[in-house]
Amino acid sequence: MALAVAPPERTYEGPDAVVGHPQTPRAEPPPEVSPPPPAAADPEAETETQTEVARDVLVPSYRAEREDDDRAGSVVERRDLDERLVQSAPDALRYEAGVYIQQTAHGQASPYVRGLTGQQTVMFFDGVRMNNSTFRQGPNQYFFTVDSRTIQQLEVVRGAASTRYGADALGGALLTTPRDPTVREDGKKTVAHGKAILHTGTADGSYGGRGEIDLGFAGKFGVLAGVGYRDVGQLRSGGPVIAPGTGEPQRVPPAFEVDGKTQRGTGFRELTGDVRAVWEPNPRNRVTLGYYDYRQLDAPRTDKCPPPTAPRDECLRYEEQFRTLVYGAYQASEGPAAAEDVRVTVSFQRQHEDRVFDRGAPSVTTLLGVDDVNTVGTGLKLRTKDFDPAPWVRLYGVYGGDSYLDWVASDASLRFDDTGISTAFSRGQYIDSSRYSTSGAFAEGHAEFVDAIRLRSGGRVAVAHASSPGDVGSETAAVDQAWVSAVGMAGVSVDPVPWMSFSFNADQGFRAPNLDDLTSRQQTGPGFQFENAELDPERALTLETGLEIDVGVFEFGAWVYRTRIADLIGRVAVEVEDCPEDTPQCGASQTRFQLDNFEGHALLWGAEGTALANLPLGIWARTTLSYAYGERPNPFARENSSEPSRLPMSRVPPLNGTAELGWRHRSGAYAAGGLRWARLQDRLAPQDVADTRIPIGGTPGYAVFDLRAGYRYEPYLLFAMVFENIGDAPWRAHGSSVNGPGRSLMVETQIGF
Amino acid sequence: MLGEIGLRLGVLALALGAWGCDDGAGDDRGETDGDTDGGMAYACGDLVSADELAACSPSPNDYQPGADDSYPACVTDDGTYSLVDGTPSSIARVEAYEEVLSMLADDTSVDGFTAARAKYAEDEGLESRLQRREDLHFPEIPQSEWDPGVDGDKQCTVPTNVTAYPERCAGPALIAPVMNDAFAAGQTGEGEANVHVARIEAAGLWFLYLSVYKEANTCFTGKAKDCDSAWAYYTGGFDRAGGIGLAADIRDVSADAHAAIWDGFSAFRCIRDAYPADDTPAVADLDMDAQALLCSAQSQLTTALDFGLAQLVRSRLEGLKDLEGAEADAAWAGLEILGPVLDRAGNERDAVSYAPLESFWSAGLPATAAIDAAVQSLDAVFTCA
């Protein structure tokens, strides 16, 4: 849930404009946000704020308006998305420290945050929780269903953070802030702006665009509405990567076309629509209604199109991957002392998946599966006013609660295409009519002393409940379980000088087993996975310490962390005899897994760093570095002394980083070069070894150079180009099925009024 | 003596690569795999002499558990099969085959065929392997025809290769269409249900027959657990005294053939045990004696399987003489599928004696005299295991 802030009064800079851009004639300094930054008490605050604005004009800043500046994290802003021409919401995070983007398909991507992903990270869209109870082990595609063109800001909170963000925040939280309409502009009664966006890319032959309209009425009401479409073809890579274990090119997956570079099982279509209405009857109250619809069509899963041993035309496609979010938010400020800022959200979200698994010739069999998850949610977040019991002390609290309830519909069937006859299975991937709720209440206390020492602590009580009727036909056990968890956090930050801050945080995370853990049966990357109805929640504790420096021309942040996870839920290899009755596909799979809590604890530790230099003449440079090391208990070590007691955690990213060097001119022209690199990852979990997505011996390292350039003249024009992977290097993010784009060009034009 | 000479010649050829010996069984790490696909077997030549066949005695190079043979002591010497790894997933597919037949025995209505086909088409089930099965008795697809993006042992996943090399790509090119047509006809109520059932049964046996040979051949050059799959495809997970699927059918008609097949796949398991290797061994890693044993095992299993299948066909031909009408049509429909599977082995063993049979399988329901003649030809060609 986003922190409740007083609605800023904005002038029009285009709905996604950069704050304070010099080409924006109506630009004003940004409003003060709540809570005020430490510098707010400084007599020179205004000057510093203006300095900040000026710097924002020229350079990206990983320290822009974060939910909690004292936690490890970073922010990507609209300007970055436009200039990097990101292809999806996960793609927007490629240059962020501590984040690594895995792609099972061209139309699917899952951000790893500090070595964890999927159900072990939590995602929010404008304060509405996106995670639902069918988020599975390992990577999933659901963050891809956030239309990147609706994003104003994307924040990564690294490390466990369940006090603030609730269940699933073990690895971190991804907080999406959508673009707002222009409510008022220079005292005009009516505001009307439009924009047309056209995009094309050579790597995947994509073309598409978006049209949007931004309307404001009477300085109190604004609407931003848009529709978008994208047609994405097969992705051309730099070629197969070399498997470290064999020295030979890694073939399927992905399967390549005859050119040896174009990847089969890629490409998709995408249709998006959104309407965001904001009503601000006065500066203290704000009502938001949002509708966001994402429809991905005909998206193949690359590692299943085809699997390594299957006919070339065997393919698992997501014919429909939809997400519809409708929500309302009421936000108030300047309220009573106990609730100076308030934000309430009520939401409905529908996740729809329609899978078609075509066996390929000569088979005429098609496996069909449809899953729908409907989620009703509500959230309340409040912030007290600042209490100043002494001139050198400032106190405030943040508290609230949230509740989400899922209804699941799931079915599966088999269709024989030569006869047109279908037959239904007794159960789908999930058990039809299952229910799941997750709710909690939290409170945090914050204290600041002499503008230099900040203490914080808090806790959350959370309740999760799962119910599933089971299925007699497949001997799936019924589930009716509830879990109550309590987590806490504490931290201290010290600013020995105004431009330097040391922080130490201890923050807990938890994740109750969800319906995927408790009821799902499915073919996953490494093998067939079946449920365990007796799982316990996972609990994590992140200890982190960091140093952040901001001297205007130079920003630096470095964090080290250690996340200890108790009762980690993971895949345990089982024998055929352990398979559920009447589940022949379990026994028929080469590898089989059941989810179980590992006894003992898993450990992730690592470090991340970001440095940013703002050089003269509009030149800037930025670099990031990330390292993670994960290990977990080996459940077989007790039975077999020859087994190691600890094993690598699955798909932990390798040492990786980025480097960018850019230039911005006040005319609006810009240019930058970017390097993304990763070392070999050959620390593999047993399931990684069985996973065809990971080449034999591990995933080789890579270095990919991009060049980008463009011209921005707000709000009338943005022309952006990215020359990607200029070395045409074959590369693959660890754990991915699809290789990254080869040498290619992306071009985008935005024309507005 | 002749066998020994043949064996040495085979090894020499293998060492020289004259028959394209290849250990590239390739990677099979997919979660969808219960056994490796295709696989490029080493070609060792005909190591069984006509004289030995005529004498119906074991080749001096045959593996005989517990006997004083040329094999080193190994895990299968007690006559039982010892798994390399956990229970092989192939068992589930043999069980599915049996269940399909059981379902169709109970219900040959349109719905019955649909239910049976659903069993056949289960995820990771019988169909998934049948439609990728290669017949390693036939030459590899020439490398010039390979799809460069596909591993060498998976070239039969490429549609153009399936069309161009139907004998090598027997699963997708020959067996799967039989299955599809039979199921579809049953589902739509066309034709005689029992004929469709017989064709399904025969096509399934063909698949199992190829699978035993394929898995045994790749259990040294591919994954060790392929040895287990060879055992599983033959027995369905049972010991010598038992067995379902192919083992049950062959044991019923010839205990000798059953024993010889057991010894044949046990020979591969013995070699794998006696010459431990890493996960991706190469034939060239073996010394000459071990390479000789590998070729010997290949010959032993080929001979045994061919003989076993011939005995099964022979028995069914004999049975056909007592059937009439729809029952005879159904029995013959099955033989029309299984009979031609012997063409390769028959021609390799004694092309002259086998010649009348090549046209026999496609000549329609035979009269008793024709059946007797066919049996006579089979007996002449497939003398023993």
Side-chain angles (χ1 to χ4, degrees), chain A residues 240 243 246 249-258 260 264 303-304 306-314 357 359-365 367 414 416 418-419 421-423 425 523-528 573-577 579 584-592 689-692 694 696, chain B residues 26-38 86-93 95-96 99 110-111 114-115 117-132 147-151 154 156-159 162 171-173 175-177 179-181 183-184 187-188 225 280:
Chain A
T246 64
Q250 167 76 7
R251 294 194 172 101
V252 184
F256 289 94
E257 297 290 0
V258 288
R264 303 179 72 173
D303 63 330
K304 303 282 190 188
T309 53
R312 294 297 87 187
D313 51 351
E314 180 169 315
F357 185 23
R359 282 267 173 74
S363 173
V364 289
T365 307
L367 297 164
L414 197 59
F416 305 107
D418 54 353
T419 61
I421 295 171
S422 296
T423 179
F425 293 115
Q523 287 291 347
T524 64
F528 185 84
V574 296
E575 296 296 331
V576 171
E577 294 77 9
C579 285
Q585 63 270 39
C586 175
S589 295
Q590 187 175 21
T591 49
R592 297 154 290 276
V689 174
D691 193 335
T692 55
I694 298 174
I696 296 170
Chain B
D27 156 42
D28 184 50
R29 302 181 307 138
E31 73 283 1
T32 58
D33 310 318
D35 50 69
T36 51
D37 297 311
T87 306
S89 56
S90 317
I91 289 176
R93 286 180 275 281
E95 290 172 343
E99 196 169 343
V110 165
D111 289 344
T114 297
R117 193 176 194 184
K119 169 60 68 178
Y120 164 70
E122 272 170 346
D123 206 13
E124 300 303 309
L126 193 54
E127 182 189 46
S128 71
R129 298 307 190 275
L130 187 149
Q131 69 168 10
R132 65 175 77 158
D147 181 330
V150 178
D151 285 332
K154 300 179 180 70
C156 279
T157 62
V158 180
V162 173
I175 310 176
M179 282 285 193
N180 287 340
D181 291 347
F183 274 122
Q187 281 183 292
T188 53
K225 62 197 298 186
T280 52

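Note that the structure is predicted; figures quoted are calculated from it, not measured. Numbers restart at 1 for each chain; the letters A, B, ... are given by sequence-line order, proteins then strands.
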Does either side chain, that of B:Ser89 or that of B:Glu124, offer a donor lying less than 3.5 Å from an acceptor on the other one?
no
Would you indicate whether the side-chain heavy atoms of A:Thr309 and B:Arg129 approach each other to under 4.5 Å?
no
Under 4.5 Å heavy-atom distance to chain B, tell me which part of A:Glu257 shows up: side chain, backbone, both or neither.
neither
Okay, B:Glu122 and chain A: the region with an atom under 4.5 Å from a heavy atom over there is both
Considering only heavy atoms, which portion of B:Val162 lies under 4.5 Å from any heavy atom of chain A: side chain, backbone, both, or neither?
neither
I'd like to know which of A:Pro254, A:Pro362, A:Ser422 tops the heavy-atom pair count under 4.5 Å against chain B.
A:Pro362
Chain B contact via A:Ser363 - side chain, backbone, both or neither, heavy atoms under 4.5 Å
both
Could you walk me through whether B:Ile91 and A:Val576 pass the side-chain contact (heavy atoms from CB on, under 4.5 Å) check?
CA-CA 10 Å; B:Ile91 289 176; A:Val576 171; over 6 Å; no
Side chain from CB out, backbone as N, CA, C, O: work out which of these in A:Ala361 comes under 4.5 Å of a heavy atom of chain B, or both, or neither.
backbone
Which pair of heavy atoms, one from B:Leu130 and one from B:Met179, lies closest together, and at what distance?
CD1-CE, 3.9 Å
Among B:Ala176, B:Ala96, B:Ala118, single out the residue with the greatest number of heavy-atom pairs under 4.5 Å to chain A.
B:Ala118
Looking at side-chain heavy atoms only, is the closest gap between A:Ile421 and B:Arg117 below 4.5 Å?
no
Could you tell me whether A:Phe416 and B:Phe183 have their ring centroids closer than 6.0 angstrom?
no
Could you check which of B:Gly171, B:Pro177, B:Ala92, B:Gly125 has the highest count of heavy-atom pairs closer than 4.5 Å to chain A?
B:Ala92
In terms of heavy-atom pairs under 4.5 Å, which option from B:Thr188, B:Asp123, B:Asp147, B:Val158 contacts chain A the most?
B:Asp123
When you measure from the side chain of A:Arg359 to the backbone of B:Ala121, do you find a donor-acceptor pair of N or O atoms at a distance under 3.5 Å?
yes
